[in-house]
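Chain naming here is simple, since letters A, B, ... match the order of the sequence lines and numbering starts at 1 in each. Since we're looking at a predicted model, the values are computed, not measured.
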Number of protein chains: 2
Amino acid sequence: MVDPLTFDSRLARILTVAAKVFAGKGFHPTTMRALSRETEMSLAGIYHYVSGKNELLYLIQQRCFSAVLAGAERALADGHGPADRLERFIRHHVGFFASHMSEMKVLAHEADSLDGVRLADINGLKRRYVDLLRTLVADLDDNSPKGDPQVAAYALFGMMNWIYTWYHPDGPISPDALADRFAQLFLSGVIAPSPSTAPQGD
Amino acid sequence: MVDPLTFDSRLARILTVAAKVFAGKGFHPTTMRALSRETEMSLAGIYHYVSGKNELLYLIQQRCFSAVLAGAERALADGHGPADRLERFIRHHVGFFASHMSEMKVLAHEADSLDGVRLADINGLKRRYVDLLRTLVADLDDNSPKGDPQVAAYALFGMMNWIYTWYHPDGPISPDALADRFAQLFLSGVIAPSPSTAPQGD
DNA sequence: CGACCATTCGAACGTTCGTTCGGTAAGGAA
DNA sequence: TTCCTTACCGAACGAACGTTCGAATGGTCG
(Lines give C-alpha, C1' and ligand atoms only; values in the text may rest on other atoms or scores of the structure.)
Protein backbone atom coordinates (compact mmCIF):
# COMPACT_ATOMS: atom_id res chain seq x y z
CA MET A 1 0.00 0.00 0.00
CA VAL A 2 1.28 3.41 -0.90
CA ASP A 3 1.55 5.98 1.82
CA PRO A 4 -1.46 8.30 1.42
CA LEU A 5 0.69 11.26 2.43
CA THR A 6 3.01 12.62 -0.21
CA PHE A 7 6.53 13.82 0.36
CA ASP A 8 5.46 17.39 -0.30
CA SER A 9 2.56 17.32 2.10
CA ARG A 10 4.75 15.99 4.85
CA LEU A 11 7.40 18.59 4.12
CA ALA A 12 4.69 21.23 4.30
CA ARG A 13 3.64 19.96 7.72
CA ILE A 14 7.22 20.14 8.96
CA LEU A 15 7.48 23.71 7.68
CA THR A 16 4.26 24.69 9.43
CA VAL A 17 5.43 23.28 12.74
CA ALA A 18 8.88 24.80 12.33
CA ALA A 19 7.39 28.22 11.57
CA LYS A 20 5.39 28.04 14.80
CA VAL A 21 8.43 27.13 16.86
CA PHE A 22 10.64 29.72 15.14
CA ALA A 23 8.00 32.36 15.74
CA GLY A 24 7.70 31.32 19.36
CA LYS A 25 11.30 31.33 20.51
CA GLY A 26 13.29 32.63 17.59
CA PHE A 27 15.24 30.89 14.88
CA HIS A 28 18.63 30.67 16.53
CA PRO A 29 17.51 29.48 19.97
CA THR A 30 15.37 26.79 18.36
CA THR A 31 17.18 23.46 18.22
CA MET A 32 16.67 20.71 15.72
CA ARG A 33 15.88 18.49 18.68
CA ALA A 34 13.01 20.78 19.63
CA LEU A 35 11.70 20.52 16.09
CA SER A 36 11.97 16.75 16.18
CA ARG A 37 9.94 16.76 19.39
CA GLU A 38 7.33 19.12 17.97
CA THR A 39 6.98 17.29 14.67
CA GLU A 40 6.92 13.92 16.44
CA MET A 41 9.67 12.78 14.18
CA SER A 42 13.18 11.64 14.93
CA LEU A 43 16.03 14.11 14.77
CA ALA A 44 17.62 12.35 11.83
CA GLY A 45 14.27 11.93 10.13
CA ILE A 46 13.93 15.66 9.53
CA TYR A 47 17.06 15.55 7.39
CA HIS A 48 15.23 13.32 4.98
CA TYR A 49 13.11 16.36 4.05
CA VAL A 50 15.50 19.27 4.36
CA SER A 51 19.23 19.61 4.19
CA GLY A 52 19.45 21.51 7.46
CA LYS A 53 18.12 24.16 9.76
CA ASN A 54 18.92 27.01 7.40
CA GLU A 55 17.02 25.44 4.54
CA LEU A 56 14.08 25.07 6.86
CA LEU A 57 14.08 28.81 7.46
CA TYR A 58 14.65 29.50 3.80
CA LEU A 59 11.72 27.37 2.67
CA ILE A 60 9.41 29.00 5.21
CA GLN A 61 10.39 32.48 4.09
CA GLN A 62 10.45 31.68 0.40
CA ARG A 63 6.98 30.12 0.35
CA CYS A 64 5.47 32.75 2.59
CA PHE A 65 6.92 35.67 0.67
CA SER A 66 5.85 34.21 -2.66
CA ALA A 67 2.36 33.79 -1.28
CA VAL A 68 1.98 37.39 -0.03
CA LEU A 69 3.44 38.73 -3.21
CA ALA A 70 1.13 36.71 -5.44
CA GLY A 71 -1.83 37.46 -3.19
CA ALA A 72 -1.16 41.17 -3.28
CA GLU A 73 -0.94 41.24 -7.06
CA ARG A 74 -4.19 39.31 -7.22
CA ALA A 75 -5.87 41.68 -4.77
CA LEU A 76 -4.75 44.68 -6.79
CA ALA A 77 -5.88 43.32 -10.12
CA ASP A 78 -9.34 44.85 -10.14
CA GLY A 79 -8.77 47.97 -8.12
CA HIS A 80 -10.21 51.28 -9.23
CA GLY A 81 -7.94 54.24 -8.71
CA PRO A 82 -4.79 54.72 -6.67
CA ALA A 83 -6.46 55.08 -3.28
CA ASP A 84 -8.57 51.98 -3.79
CA ARG A 85 -5.56 49.95 -4.88
CA LEU A 86 -3.55 51.08 -1.87
CA GLU A 87 -6.39 50.19 0.42
CA ARG A 88 -6.61 46.76 -1.16
CA PHE A 89 -2.90 46.24 -0.58
CA ILE A 90 -3.21 47.16 3.08
CA ARG A 91 -6.25 44.96 3.56
CA HIS A 92 -4.53 42.01 1.93
CA HIS A 93 -1.25 42.45 3.78
CA VAL A 94 -2.88 42.74 7.20
CA GLY A 95 -5.29 39.91 6.45
CA PHE A 96 -2.52 37.63 5.25
CA PHE A 97 -0.41 38.56 8.24
CA ALA A 98 -3.22 37.75 10.63
CA SER A 99 -3.93 34.38 9.04
CA HIS A 100 -0.26 33.41 8.73
CA MET A 101 1.08 34.95 11.91
CA SER A 102 3.93 32.52 12.51
CA GLU A 103 5.28 32.56 8.99
CA MET A 104 4.98 36.33 8.68
CA LYS A 105 6.66 36.88 12.02
CA VAL A 106 9.50 34.63 10.90
CA LEU A 107 9.67 36.59 7.66
CA ALA A 108 9.78 39.95 9.42
CA HIS A 109 11.88 39.06 12.45
CA GLU A 110 14.40 36.65 10.95
CA ALA A 111 15.07 38.66 7.82
CA ASP A 112 18.83 38.59 8.42
CA SER A 113 19.18 35.07 9.77
CA LEU A 114 19.96 33.60 6.37
CA ASP A 115 23.10 34.15 4.37
CA GLY A 116 24.54 33.71 0.91
CA VAL A 117 22.32 32.98 -2.05
CA ARG A 118 19.34 32.13 0.14
CA LEU A 119 19.40 35.57 1.72
CA ALA A 120 19.87 37.13 -1.69
CA ASP A 121 16.88 35.23 -3.02
CA ILE A 122 14.60 36.34 -0.19
CA ASN A 123 15.87 39.89 -0.51
CA GLY A 124 14.93 39.78 -4.18
CA LEU A 125 11.36 38.97 -3.27
CA LYS A 126 11.41 41.69 -0.64
CA ARG A 127 12.59 44.24 -3.16
CA ARG A 128 9.73 43.35 -5.50
CA TYR A 129 7.23 43.62 -2.68
CA VAL A 130 8.54 46.95 -1.44
CA ASP A 131 8.66 48.30 -4.98
CA LEU A 132 5.04 47.33 -5.42
CA LEU A 133 3.92 49.31 -2.40
CA ARG A 134 6.15 52.26 -3.23
CA THR A 135 4.57 52.46 -6.65
CA LEU A 136 1.13 52.40 -5.13
CA VAL A 137 2.05 55.22 -2.77
CA ALA A 138 3.68 57.24 -5.53
CA ASP A 139 0.57 56.89 -7.67
CA LEU A 140 -1.48 58.62 -5.02
CA ASP A 141 -0.25 62.04 -6.01
CA ASP A 142 1.49 62.02 -9.33
CA ASN A 143 2.34 65.63 -9.69
CA SER A 144 3.32 66.71 -6.20
CA PRO A 145 6.57 65.10 -5.11
CA LYS A 146 6.25 66.59 -1.67
CA GLY A 147 7.29 63.49 0.22
CA ASP A 148 9.52 60.61 -0.67
CA PRO A 149 7.14 57.72 -1.49
CA GLN A 150 9.81 55.30 -0.35
CA VAL A 151 9.76 56.74 3.15
CA ALA A 152 5.98 56.62 3.25
CA ALA A 153 6.04 53.02 2.02
CA TYR A 154 8.51 52.00 4.71
CA ALA A 155 6.44 53.83 7.30
CA LEU A 156 3.39 51.87 6.24
CA PHE A 157 5.30 48.59 6.27
CA GLY A 158 6.51 49.39 9.77
CA MET A 159 2.99 50.11 10.91
CA MET A 160 1.75 46.81 9.49
CA ASN A 161 4.67 44.51 10.21
CA TRP A 162 5.04 45.68 13.77
CA ILE A 163 1.79 43.95 14.67
CA TYR A 164 3.64 40.72 15.33
CA THR A 165 4.82 42.33 18.55
CA TRP A 166 1.39 43.16 19.95
CA TYR A 167 -1.57 42.01 17.86
CA HIS A 168 -3.57 38.85 18.47
CA PRO A 169 -5.97 37.92 15.66
CA ASP A 170 -8.25 36.17 18.15
CA GLY A 171 -8.58 39.26 20.33
CA PRO A 172 -11.27 41.94 20.26
CA ILE A 173 -9.94 43.54 17.08
CA SER A 174 -10.66 41.66 13.87
CA PRO A 175 -8.06 41.68 11.11
CA ASP A 176 -10.54 43.54 8.89
CA ALA A 177 -11.06 46.23 11.48
CA LEU A 178 -7.33 46.55 11.96
CA ALA A 179 -6.76 46.87 8.23
CA ASP A 180 -9.46 49.53 8.01
CA ARG A 181 -7.87 51.49 10.82
CA PHE A 182 -4.43 51.26 9.26
CA ALA A 183 -5.75 52.39 5.90
CA GLN A 184 -7.51 55.31 7.51
CA LEU A 185 -4.44 56.21 9.54
CA PHE A 186 -2.11 56.08 6.59
CA LEU A 187 -4.37 57.91 4.19
CA SER A 188 -5.85 60.55 6.47
CA GLY A 189 -3.97 60.49 9.76
CA VAL A 190 -5.23 60.25 13.33
CA ILE A 191 -6.99 63.54 13.46
CA ALA A 192 -8.96 62.76 10.34
CA PRO A 193 -12.62 63.65 10.53
CA SER A 194 -14.35 60.44 11.50
CA PRO A 195 -16.81 59.13 8.91
CA SER A 196 -19.53 59.41 11.55
CA THR A 197 -19.82 63.18 11.19
CA ALA A 198 -20.22 62.50 7.48
CA PRO A 199 -17.41 64.31 5.74
CA GLN A 200 -17.80 62.07 2.71
CA GLY A 201 -17.48 64.02 -0.48
CA ASP A 202 -19.23 61.69 -2.92
CA MET B 1 49.03 55.96 39.95
CA VAL B 2 45.36 55.24 39.82
CA ASP B 3 43.88 54.02 36.59
CA PRO B 4 42.28 57.10 35.01
CA LEU B 5 39.43 54.92 33.74
CA THR B 6 36.79 54.00 36.26
CA PHE B 7 35.05 50.68 36.49
CA ASP B 8 31.81 52.26 35.31
CA SER B 9 33.34 53.95 32.31
CA ARG B 10 34.95 50.71 31.19
CA LEU B 11 31.70 48.84 31.69
CA ALA B 12 30.00 51.49 29.60
CA ARG B 13 32.53 50.97 26.84
CA ILE B 14 31.92 47.23 26.88
CA LEU B 15 28.18 47.86 26.65
CA THR B 16 28.62 50.19 23.70
CA VAL B 17 30.72 47.67 21.82
CA ALA B 18 28.38 44.83 22.72
CA ALA B 19 25.37 46.82 21.52
CA LYS B 20 27.07 47.33 18.17
CA VAL B 21 27.83 43.65 17.77
CA PHE B 22 24.38 42.58 18.95
CA ALA B 23 22.81 45.00 16.51
CA GLY B 24 25.01 43.73 13.72
CA LYS B 25 24.53 39.99 13.95
CA GLY B 26 21.91 39.45 16.57
CA PHE B 27 22.13 38.58 20.25
CA HIS B 28 22.06 34.81 20.03
CA PRO B 29 24.54 34.35 17.19
CA THR B 30 26.98 36.68 18.92
CA THR B 31 29.55 34.78 20.95
CA MET B 32 31.37 35.98 24.01
CA ARG B 33 34.55 35.30 22.08
CA ALA B 34 33.44 37.76 19.41
CA LEU B 35 32.83 40.34 22.11
CA SER B 36 36.23 39.69 23.60
CA ARG B 37 37.76 40.27 20.18
CA GLU B 38 35.76 43.45 19.61
CA THR B 39 36.45 44.90 23.04
CA GLU B 40 40.12 43.95 22.82
CA MET B 41 39.77 42.21 26.13
CA SER B 42 40.24 38.60 27.07
CA LEU B 43 37.24 36.30 27.18
CA ALA B 44 37.49 35.83 30.93
CA GLY B 45 38.12 39.53 31.46
CA ILE B 46 34.60 40.44 30.40
CA TYR B 47 33.25 38.42 33.30
CA HIS B 48 34.91 40.85 35.66
CA TYR B 49 32.35 43.44 34.54
CA VAL B 50 29.21 41.42 33.92
CA SER B 51 27.96 38.11 35.17
CA GLY B 52 27.28 36.80 31.69
CA LYS B 53 25.90 37.35 28.23
CA ASN B 54 22.33 37.83 29.41
CA GLU B 55 23.29 40.56 31.85
CA LEU B 56 25.10 42.29 29.01
CA LEU B 57 21.87 42.40 27.03
CA TYR B 58 19.89 43.42 30.08
CA LEU B 59 22.17 46.33 30.91
CA ILE B 60 22.07 47.59 27.33
CA GLN B 61 18.29 47.47 27.22
CA GLN B 62 17.79 48.84 30.73
CA ARG B 63 20.04 51.85 30.24
CA CYS B 64 18.75 52.59 26.75
CA PHE B 65 15.11 52.32 27.74
CA SER B 66 15.60 54.50 30.82
CA ALA B 67 17.28 57.08 28.63
CA VAL B 68 14.53 57.28 26.00
CA LEU B 69 11.89 57.36 28.66
CA ALA B 70 13.54 60.15 30.60
CA GLY B 71 14.32 62.03 27.41
CA ALA B 72 10.75 61.81 26.23
CA GLU B 73 9.40 63.14 29.50
CA ARG B 74 11.88 65.98 29.31
CA ALA B 75 10.93 66.74 25.73
CA LEU B 76 7.26 66.83 26.63
CA ALA B 77 7.68 69.07 29.64
CA ASP B 78 7.12 72.38 27.90
CA GLY B 79 4.78 71.34 25.12
CA HIS B 80 1.75 73.44 24.25
CA GLY B 81 -1.31 71.44 23.37
CA PRO B 82 -1.84 67.78 22.49
CA ALA B 83 -0.65 67.99 18.88
CA ASP B 84 2.52 69.81 19.85
CA ARG B 85 3.27 67.32 22.60
CA LEU B 86 2.76 64.38 20.25
CA GLU B 87 5.03 65.99 17.69
CA ARG B 88 7.67 66.48 20.35
CA PHE B 89 7.45 62.82 21.30
CA ILE B 90 7.90 61.73 17.70
CA ARG B 91 10.78 64.09 17.17
CA HIS B 92 12.51 62.88 20.31
CA HIS B 93 11.92 59.20 19.64
CA VAL B 94 13.20 59.35 16.07
CA GLY B 95 16.10 61.57 17.03
CA PHE B 96 17.11 59.29 19.89
CA PHE B 97 16.74 56.27 17.67
CA ALA B 98 18.97 57.78 15.02
CA SER B 99 21.67 58.75 17.49
CA HIS B 100 21.57 55.44 19.35
CA MET B 101 20.89 53.09 16.46
CA SER B 102 22.60 50.02 17.86
CA GLU B 103 21.07 50.19 21.31
CA MET B 104 17.60 50.95 19.97
CA LYS B 105 17.80 48.14 17.46
CA VAL B 106 18.79 45.78 20.25
CA LEU B 107 15.90 47.11 22.29
CA ALA B 108 13.40 46.62 19.50
CA HIS B 109 14.69 43.41 17.97
CA GLU B 110 15.78 41.48 21.06
CA ALA B 111 12.75 42.31 23.16
CA ASP B 112 12.12 38.63 23.92
CA SER B 113 15.69 37.43 24.26
CA LEU B 114 15.72 37.95 28.02
CA ASP B 115 13.81 35.93 30.56
CA GLY B 116 12.74 35.96 34.18
CA VAL B 117 12.95 39.10 36.26
CA ARG B 118 15.18 40.85 33.74
CA LEU B 119 12.54 40.49 31.02
CA ALA B 120 9.86 41.60 33.48
CA ASP B 121 11.88 44.67 34.38
CA ILE B 122 12.35 45.72 30.76
CA ASN B 123 8.70 45.06 30.03
CA GLY B 124 7.81 47.35 32.91
CA LEU B 125 9.72 50.18 31.25
CA LYS B 126 8.09 49.34 27.94
CA ARG B 127 4.64 49.54 29.47
CA ARG B 128 5.38 52.98 30.87
CA TYR B 129 6.69 54.17 27.52
CA VAL B 130 3.73 52.79 25.57
CA ASP B 131 1.30 54.24 28.08
CA LEU B 132 2.92 57.61 27.64
CA LEU B 133 2.40 57.61 23.90
CA ARG B 134 -1.12 56.21 24.16
CA THR B 135 -2.05 59.04 26.49
CA LEU B 136 -0.66 61.57 24.06
CA VAL B 137 -2.67 60.04 21.23
CA ALA B 138 -5.82 59.86 23.31
CA ASP B 139 -5.46 63.53 24.26
CA LEU B 140 -5.64 64.49 20.61
CA ASP B 141 -9.39 64.08 20.48
CA ASP B 142 -10.91 63.84 23.89
CA ASN B 143 -14.53 63.61 22.99
CA SER B 144 -14.61 61.39 19.92
CA PRO B 145 -13.57 57.84 20.76
CA LYS B 146 -13.68 56.86 17.11
CA GLY B 147 -10.47 54.90 17.11
CA ASP B 148 -8.68 52.94 19.77
CA PRO B 149 -5.76 55.15 20.82
CA GLN B 150 -3.83 52.01 21.71
CA VAL B 151 -3.97 50.80 18.13
CA ALA B 152 -2.91 54.19 16.83
CA ALA B 153 -0.05 54.28 19.34
CA TYR B 154 1.17 50.85 18.28
CA ALA B 155 0.87 51.88 14.64
CA LEU B 156 3.04 54.89 15.32
CA PHE B 157 5.58 52.83 17.23
CA GLY B 158 5.71 50.40 14.34
CA MET B 159 6.29 53.22 11.90
CA MET B 160 9.12 54.60 14.01
CA ASN B 161 10.75 51.43 15.29
CA TRP B 162 10.78 49.76 11.89
CA ILE B 163 13.43 52.22 10.76
CA TYR B 164 16.15 49.95 12.08
CA THR B 165 15.48 47.75 9.07
CA TRP B 166 16.01 50.40 6.42
CA TYR B 167 17.08 53.81 7.70
CA HIS B 168 20.66 55.08 7.77
CA PRO B 169 21.15 58.31 9.74
CA ASP B 170 24.13 59.22 7.55
CA GLY B 171 22.10 58.93 4.37
CA PRO B 172 20.30 61.67 2.45
CA ILE B 173 17.46 61.92 4.97
CA SER B 174 18.29 63.66 8.20
CA PRO B 175 16.72 62.40 11.44
CA ASP B 176 14.90 65.72 11.77
CA ALA B 177 13.45 65.42 8.29
CA LEU B 178 12.40 61.86 9.00
CA ALA B 179 10.72 62.85 12.24
CA ASP B 180 8.90 65.66 10.47
CA ARG B 181 7.67 63.29 7.81
CA PHE B 182 6.51 60.76 10.38
CA ALA B 183 4.69 63.43 12.36
CA GLN B 184 2.98 64.66 9.24
CA LEU B 185 2.09 61.13 8.16
CA PHE B 186 0.66 60.17 11.50
CA LEU B 187 -1.25 63.37 12.08
CA SER B 188 -2.54 64.07 8.58
CA GLY B 189 -1.84 61.03 6.42
CA VAL B 190 -0.16 60.75 3.03
CA ILE B 191 -2.71 62.64 1.06
CA ALA B 192 -2.65 65.57 3.40
CA PRO B 193 -2.69 68.97 1.79
CA SER B 194 0.98 69.71 1.59
CA PRO B 195 2.23 72.98 3.06
CA SER B 196 4.04 73.38 -0.28
CA THR B 197 2.08 76.49 -1.20
CA ALA B 198 3.75 78.13 1.77
CA PRO B 199 6.31 75.71 3.17
CA GLN B 200 8.29 78.21 5.17
CA GLY B 201 6.21 79.45 8.03
CA ASP B 202 8.66 81.86 9.59
C1' DC C 1 58.84 45.25 53.29
C1' DG C 2 54.22 42.23 53.13
C1' DA C 3 49.17 42.00 52.73
C1' DC C 4 45.50 43.26 49.96
C1' DC C 5 42.57 44.30 46.23
C1' DA C 6 41.34 45.34 41.54
C1' DT C 7 42.20 43.85 36.99
C1' DT C 8 43.31 40.78 33.54
C1' DC C 9 44.30 36.47 31.41
C1' DG C 10 45.36 31.43 29.37
C1' DA C 11 43.48 27.25 29.72
C1' DA C 12 40.23 24.31 30.53
C1' DC C 13 35.43 22.12 31.73
C1' DG C 14 31.02 20.44 30.76
C1' DT C 15 27.24 20.97 27.83
C1' DT C 16 24.74 21.43 23.75
C1' DC C 17 24.48 22.05 19.11
C1' DG C 18 23.88 20.76 13.87
C1' DT C 19 24.85 17.18 11.32
C1' DT C 20 26.16 12.47 9.80
C1' DC C 21 26.65 7.44 9.89
C1' DG C 22 25.04 2.96 9.46
C1' DG C 23 21.35 0.60 9.62
C1' DT C 24 16.21 -1.29 9.68
C1' DA C 25 11.65 -1.96 7.69
C1' DA C 26 8.51 -2.16 4.00
C1' DG C 27 6.55 -1.69 -0.62
C1' DG C 28 7.02 -2.21 -5.77
C1' DA C 29 9.45 -4.04 -9.75
C1' DA C 30 12.02 -7.62 -11.87
C1' DT D 1 12.69 -14.75 -4.76
C1' DT D 2 16.07 -10.62 -5.16
C1' DC D 3 16.87 -5.79 -5.80
C1' DC D 4 16.06 -1.03 -5.53
C1' DT D 5 14.02 2.96 -3.49
C1' DT D 6 11.62 5.55 0.07
C1' DA D 7 10.97 6.57 4.83
C1' DC D 8 12.76 6.66 9.05
C1' DC D 9 15.67 6.14 13.23
C1' DG D 10 19.35 5.36 17.38
C1' DA D 11 23.68 6.58 18.22
C1' DA D 12 27.43 9.02 17.73
C1' DC D 13 30.91 12.75 16.07
C1' DG D 14 33.25 17.02 16.05
C1' DA D 15 32.82 21.66 16.81
C1' DA D 16 31.44 25.61 19.30
C1' DC D 17 29.39 27.55 23.07
C1' DG D 18 29.01 30.07 27.96
C1' DT D 19 31.24 29.93 31.88
C1' DT D 20 34.76 28.95 35.51
C1' DC D 21 39.36 28.11 37.54
C1' DG D 22 43.73 29.32 39.08
C1' DA D 23 47.07 32.31 38.56
C1' DA D 24 49.67 36.52 37.29
C1' DT D 25 50.22 41.53 37.36
C1' DG D 26 50.60 45.96 39.42
C1' DG D 27 49.25 49.58 42.32
C1' DT D 28 47.80 50.97 47.30
C1' DC D 29 48.02 50.88 52.17
C1' DG D 30 49.85 49.45 56.67
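Each of N54(B) and G45(A) has a nearest nucleotide on DNA chain D; the 5'-most of these lies closest to G45(A).
With a 6.0 Å cutoff to the six-membered ring centre and a 45° limit on the axis angle, K53(B) counts as a cation-pi contact of F27(B).
Set against dG10(D), dT7(C), dG18(D), the side chain of H48(B) has dT7(C) as its closest nucleotide. In the set dT19(D), dC9(C), dC17(C), the nucleotide with an atom closest to the side chain of T31(A) is dC17(C). When distances are taken from the side chain of R33(B) to each of dG10(D), dT7(C), dG18(D), the shortest belongs to dG18(D). When distances are taken from the side chain of A44(A) to each of dC21(C), dT19(C), dT20(D), the shortest belongs to dC21(C). In this structure, of dA12(C), dC21(C), dG18(C), it is dA12(C) that holds the atom nearest to the side chain of L43(B).
Rounded to whole Å, the distance from CG on L11(A) to P on dA7(D) is 11 Å. The NE2-P distance, from H28(A) to dG18(D), rounds to 12 Å in whole Å. The nearest whole Å value for the distance from the CG atom in L35(A) to the P atom in dC17(C) is 11 Å. Following rounding to the nearest Å, I46(B) (CD1) and dT20(D) (C1') show an atom-to-atom distance of 14 Å. When rounded to the nearest whole Å, the span between CE of M41(A) and C1' of dT6(D) equals 13 Å. Summarising the geometry, the separation between CD1 on I14(A) and C1' on dC8(D) is reported as 11 Å, rounded to the nearest angstrom. The separation between F22(A) atom CZ and dG18(C) atom C1' is 12 Å, rounded to whole Å. Rounded to a whole Å, the CZ atom of R37(B) is 12 Å from the P atom of dG18(D).
Phosphate contact (OP1/OP2 of dT8(C), side-chain N/O of Y49(B), threshold under 4.0 Å): present. The side chain of R10(A) places an N or O atom within less than 4.0 Å of a non-bridging phosphate oxygen (OP1 or OP2) of dC8(D).
Ring planes of F157(B) and H93(B): perpendicular class, angle over 60° (limits at 30 and 60°).
Applying the side chain to side chain donor-acceptor pair (under 3.5 Å) test to residues at least two apart or on different chains, the pairs with a partner in residues 72-84 of chain A are D78(A)-R88(A), D84(A)-R88(A).
At the heavy-atom level, F7(B) lies under 4.0 Å from the strands shown only through sugar-phosphate atoms. Contacts of T30(B) with the nucleic acid, taken as non-hydrogen atoms under 4.0 Å apart, involve only primed sugar atoms and P, OP1 or OP2.
Contact check on D131(B) versus R134(B) returns a salt bridge, with a Lys/Arg side-chain nitrogen under 4.0 Å from an Asp/Glu carboxylate oxygen. Taking a cutoff of 4.0 Å between a charged side-chain nitrogen and a carboxylate oxygen, E55(B) and R118(B) qualify as a salt bridge.
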